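Data first, discussion second: the structure below is written as structure tokens.
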Amino acid sequence: MSRNANEKKPVGFATQLIAGGTAGAMEALCCQPLDTIKVRMQLSKSGTAPGTKPRGFIATGAMIVRRETPLALYKGLGAVLSGIVPKMAVRFASFEAYKGWLADPQTGVTSVGNIFLAGLGAGTTEAVLVVTPMEVVKIRLQAQMHSLADPLEQPRYRNAGHAVYTIIREEGVGALYRGVTLTALRQATNQGANFTAYQELKKVAHRLQPDLPDLPSYQHMLIGLISGAMGPFSNAPIDTIKTRLQKATAEPGTSAFQRIAAIAREMWRQEGFRSFYKGITPRVLRVAPGQAIVFAVYERVRKVIETIKESGGDVYAE
């Protein structure tokens, strides 16, 4: 090979689309129940009465299954799957673009600090273009406490398409971007921590195994698991406030900042400090394994595609 193994060959957009979309779909199918439990915990007011405790992770999941059938754990999956391909394509494509722009022009190497900035940029980009409207629809669907076993119990939103139509008709297009600032802040910190940790841990793994041209999939999964857990702990309050904001309908005459401040004040006054970390257990259990799946599947699919396309060049190594 003409290049050093540590040099990088840019990945084509089609490869990012296919590999990222496949990885995202696998993540959604595996982890959606945990996300539904997280959303219900964040919206729950349980534990506010004196002498009572907030409903926990297992109790929330059991209640959903008992009242609404196990399929209810997959509420909002259609909205997630419809947005996951563009979300992952935007995430990986924008990260690579920002990382390239921030690389040293002489060496082509991107510093740790600039990798973090590239991750921040990627998270913000995906939040504005894809994640915010997708999550507004997903949360509205997940918040509906109807039984899927009872055909006579009709929910407000029948599916993702109907939810989009109803929200736009009743609240306007802007409602799909409710909470965009908080979503961008959450996604930016998530991806800044995620990509930085992933890249650095990969370097460590390569240094400890210099004879391996490519890391095995289980190591990609382990590194993704560790890097994926960092974001949720750093921005849990942002995510909880965002969830409550996106579930609620707009109040005439109030700005987004006023609504955010009102939600935060109400949570602090009525539910206390711990309310800002509601749903942290299922969120970590969903995001960390989700990132493990995303990176392992992305790396594997990317490698297969690049190997097929390769004609004497090198396989890309992130």
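Everything numeric in this text was worked out from a predicted model, so none of it was measured. Counting from 1, the numbers follow the sequence of the chain as shown.
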Let me check something: do [X] and [Y] share a hydrophobic cluster, defined by ILVMFWY side-chain heavy atoms less than 4.5 Å apart, either directly or through other members?
X: I238; Y: V131; result: no
X: M267; Y: I260; result: yes
X: L215; Y: F92; result: yes
X: I168; Y: L141; result: yes
X: L77; Y: V130; result: no

Where the side chain of [X] meets the backbone of [Y], is there a donor-acceptor pair that is under 3.5 Å apart?
X: T240; Y: F276; answer: yes
X: R140; Y: Q246; answer: yes
X: T166; Y: A163; answer: no
X: S94; Y: V90; answer: yes

Would you say the side-chain atoms of [X] and [Y] include a donor-acceptor pair closer than 3.5 Å?
X: E68; Y: Q144; value: no
X: Y177; Y: T183; value: no
X: Y298; Y: H220; value: no
X: S217; Y: R300; value: yes

To check you understand the geometry: which heavy-atom pair defines the closest contact between [X] and [Y], and what is its length?
X: L225; Y: P289; value: CD1-N, 3.7 Å
X: K75; Y: T36; value: O-OG1, 3.7 Å
X: M230; Y: I226; value: CG-O, 3.7 Å
X: L102; Y: A118; value: CD1-N, 3.9 Å
X: L120; Y: A188; value: CD2-O, 3.1 Å
X: A23; Y: V294; value: CB-O, 3.3 Å

Does the pair [X]/[Y] count as a salt bridge with the N-to-O cut at 4.0 Å?
X: R244; Y: E266; value: no
X: R91; Y: E96; value: no
X: K202; Y: E299; value: yes
X: E126; Y: K87; value: no
X: E135; Y: R178; value: no
X: K138; Y: D35; value: yes

Quiz item: How are the rings of F295 and Y198 set to each other: parallel, tilted or perpendicular (split at 30° and 60°)?
Solution: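 Aromatic pair F295/Y198 classed parallel.
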
Practice problem: Check the angle between the aromatic planes of F273 and W268 and answer parallel, tilted or perpendicular using the 30° and 60° thresholds. | Solution: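 Geometry flag for W268 against F273: perpendicular rings.
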
